[in-house]
Amino acid sequence: MREALRFLGALLLGLLLVGGTVGAGLFLLLQGEEELARELLRVAQEKAFLLLFLGLLFALVLAALLHPLFLGYLAATRALGQEAEVLLANPGHRLRLRGPFELQALARLINRLAEEKEALEKEVEARIAEAKALLEREREVLGALIAHLPQGVVLANPKGQVLLYNPPARGLLGEGLGAGKSLFGLLDRGLLAHALALPEERFLAQGPTGPLRLQAVPLRGEAGFLLLLERPKEEGGLEGEALHALKDKMAGLKALVEVLEGEAPGALAPLLRQARATAEALSRLVEALKAPARAEEVRAEDLLPLLAEALEREAGLSPGFSLKEGAEGLLVQADTYALARGLAATLREEEEVFLEGERQGNLFRLTLSFPHPAPKPHPLLQEAVEAGLGSLWREGSRLHLLLPAREAPSTPLPKGPPPRAEVVDPALLQVPEALEEAPLEGLLYTAFDLETTGLDPGKDAIVALGAVHVLGRKVLYQETFEALVDPGRPIPQAATEVHGLTWEMLKGKPKLEEVLPAFKAFLEDTVLLAHNGAFDLAFLRKVGVGKPPLVDTLLLAHLLFPDLKDHRLEALAERFGVPVLGRHTALGDALMTAEVFARMVPLLKERGYATLGAVLAACQRLPLARLKY
């Protein structure tokens with residue numbers, strides 16, 4: 001419409017120029033020729049209709065001659081501008097010389113500038129690669145070291161978003177673990193905050209795949225923290241063996257007692273010695289059968305401020321506290337997290353309390369003083385104290401907790417975290433609260449693709465899923481998801497010709513309901529990314545997966561290159577210099593979509609679409625966005 005109005009304006013201007021020139025010529029020609037002027041006026045009046053017809057005919061002929069030239073020039077200019085934008089993402093791209101001579105000259109100049117830009121970028125990349133060589137070697141050593149550690153290791157930023165992890169950590173925390181994802185969805189936030197306050201202690205926690213022990217070590221400054229994970233050790237075998245030995249010794253003791261009853265006094269002394277030895281062995285076995293305490297050791301001088309901080313965080317209570325002389329240096333045995341939760345539950349309705357710690361032999365006594373009768377201990381507090389082999393009781397306005405303790409070793413433990421190496425730039429994970437205001441380069445995406453038995457989401461089934469994480473403009477090739485699915489039905493030949501999968505190849509593969517939980521975990525906390533995503537999302541929504549927003553590279557291609565006639569994924573990949581590999585396989589198409597999107601981001605920013613909300617709003621205005629499957 002805009003081009004048509006511009007053309008009509010240009011045509012009207014041309015007619016005015018031609019008419020004005022003819023009128024000015026006649027005026028100059030007829031100066032002093034009054035009789036000739038009257039004659040021409042008379043003829044014009046008589047032939048007015050003919051002259052009007054000839055004028056219209058001249059205008060139509062002029063329009064027919066100028067129309068393809070004018071609009072072709074506009075289209076060639078616009079296409080040249082759109083193609084030149086690709087150079088921002090792919091400096092190796094070169095413009096084709098098409099259109100008028102002037103535009104071809106401009107295209108040659110742009111190609112020369114692109115060659116110079118590409119040469120400069122290669123030189124800069126070479127220098128950067130040389131400067132980073134040492135750092136990369138250190139990162140490789142760090143990555144190899146962490147990958148082969150038997151413990152699970154997770155590096156996170158201060159917000160709890162994952163920057164680095166090793167395979168054992170993935171096994172302990174499941175499919176929900178990934179770069180850029182939050183640990184707070186996998187582990188209790190309060191437990192992590194508590195563990196960070198005690199970096200030398202390990203805590204028992206419930207993970208997504210079962211119980212585990214964790215240790216949280218804060219890094220210097222605001223760099224985040226390191227999480228060490230492992231499975232709890234099994235202790236049931238030793239206890240069963242000790243119990244069997246105890247029963248055997250008890251049976252022997254009973255036999256000895258029976259013999260002693262009928263023996264003569266002269267033979268009693270040896271049997272008594274045997275009975276004494278058996279009793280001593282029995283005592284040792286009983287000692288071995290004591291249940292191991294579900295607790296850690298914390299210094300008394302650290303325990304009181306730790307509990308005060310937890311009460312302020314979880315109960316909104318700011319207690320005073322003091323440690324009596326002689327209690328310094330005691331290692332108190334307690335499950336500090338469970339103890340803090342139990343105290344918070346007990347004191348949730350209180351407004352004032354004072355904590356006082358003192359030594360009582362080989363025990364640590366914690367007294368809570370109130371301005372009124374002490375409240376009844378919450379079951380969580382009772383359970384936490386008993387788990388640490390302690391005891392508690394009320395006495396008027398005081399609540400007493402008696403906990404096992406021992407002298408701390410005289411040799412101090414080395415302090416300070418080990419040297420660290422940055423692996424992922426934490427700035428890439430600075431995401432605002434409102435998702436729509438988040439910058440495109442500050443989000444974690446999941447590029448995904450499906451292969452199906454047909455094109456009807458209501459009748460056809462999924463046979464393959466593939467996905468990969470994209471952090472900003474970086475494709476995380478180490479974080480992929482791929483699964484083949486048994487559809488439970490024959491696959492039409494037309495579908496097999498597209499993706500190459502037959503029912504014989506898929507028989508015995510997991511059913512879709514078996515694959516979906518892991519796929520959902522892989523999508524968690526990410527923005528969906530696909531090419532022609534409306535089709536794939538229609539299949540996923542049928543099984544309860546896939547919530548918006550969705551970034552569609554097909555819509556982005558129409559937004560960036562409206563005059564291109566081919567917006568297929570392989571055409572876009574070729575345009576951006578992305579290798580076309582694994583086409584029409586779920587993971588292959590997902591990887592190609594991720595690479596194409598990464599190269600589209602700078603073009604979108606150049607057009608003013610710097611945030612996710614701006615991109616989605618622009619795509620919603622496209623006619624193609626109204627297409628539904």
Side-chain angles (χ1 to χ4, degrees), residues 158 160 184 187-201 203-205 216 218 225 293-408:
F184 299 141
L187 297 169
D188 185 85
R189 181 190 294 265
L191 175 59
L192 287 177
H194 187 83
L196 284 170
L198 292 171
E200 297 176 0
E201 304 297 341
F203 296 89
L204 187 65
F225 60 92
R294 294 180 298 165
E296 304 294 343
E297 289 183 330
V298 58
R299 290 179 177 270
E301 52 266 36
D302 295 331
L303 178 61
L304 293 183
L306 185 70
L307 294 177
E309 180 184 346
L311 288 175
E312 186 171 0
R313 182 178 64 248
E314 301 200 15
L317 184 63
S318 299
F321 58 88
S322 71
L323 186 66
K324 286 189 176 181
E325 187 177 353
E328 298 89 349
L330 274 182
L331 287 179
V332 182
Q333 181 177 290
D335 185 341
T336 53
Y337 179 60
L339 188 61
R341 289 182 62 200
L343 285 174
T346 302
L347 307 180
R348 198 167 300 280
E349 304 298 328
E350 300 298 326
E351 297 181 357
E352 184 180 347
V353 66
F354 186 82
L355 310 180
E356 185 177 47
E358 60 181 318
R359 181 173 189 159
Q360 189 170 323
N362 287 331
L363 300 171
F364 179 78
R365 184 169 182 164
L366 176 62
T367 302
L368 285 71
S369 301
F370 301 88
H372 52 74
K376 182 181 179 181
H378 193 277
L380 286 176
L381 180 59
Q382 185 80 37
E383 182 182 347
V385 173
E386 291 177 355
L389 302 181
S391 59
L392 79 161
W393 68 93
R394 285 190 294 172
E395 184 181 8
S397 62
R398 296 181 178 183
L399 181 62
H400 301 281
L401 285 72
L402 204 57
L403 303 171
R406 68 182 179 91
E407 286 286 350

Practice item. Step by step, work out the side chain to side chain contact (heavy atoms under 4.5 Å, CB included) result for Leu381 and Leu339. Key: CA-CA 6 Å; Leu381 180 59; Leu339 188 61; 3.7 Å; yes
Could you report the tightest heavy-atom contact between [X] and [Y], atom names first, then the distance?
| X | Y | value |
| --- | --- | --- |
| Phe364 | Ala300 | CE1-CB, 3.8 Å |
| Glu328 | Glu301 | CA-OE1, 3.7 Å |
| Arg359 | Gly326 | CD-O, 3.4 Å |
| Arg341 | Glu314 | CG-OE1, 4.3 Å |
| Trp393 | Arg365 | CZ2-NH2, 3.7 Å |
| Ala315 | Ala344 | CB-O, 4.1 Å |

Within the structure provided, determine whether [X] and [Y] are in side-chain contact (heavy-atom separation under 4.5 Å).
| X | Y | answer |
| --- | --- | --- |
| Val353 | Leu399 | no |
| Leu363 | Leu403 | no |
| Glu407 | Leu331 | no |
| Leu198 | Tyr337 | no |
| Pro375 | Glu350 | yes |
| Leu366 | Leu304 | yes |
| Phe370 | Leu347 | yes |
| Leu303 | Leu323 | no |

Check your understanding: So how far is it from Glu356 CD to Lys324 NZ, rounded to the nearest 0.5 Å?
Key ->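 Rounded to the nearest 0.5 Å, the CD-NZ separation comes out at 4.5 Å.
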**Study point:** Distance (rounded to the nearest 0.5 Å) between Leu389 CG and Leu402 CG
**Key:** 12.0 Å
Check your understanding: Got a sec: does the CZ of Arg398 have more than 12 other heavy atoms crowding it under 6.0 Å?
Key ->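 Result for CZ/Arg398: open.
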Practice item. Can you spot which of Glu352, Glu309, Glu312 makes a side chain to side chain contact (heavy atoms under 4.5 Å, CB included) with Ser318? Key: Glu312
Point to revise | Among Thr346, Leu307, Leu343, the one residue meeting side chain to side chain contact (heavy atoms under 4.5 Å, CB included) with Leu368 | key: Leu343
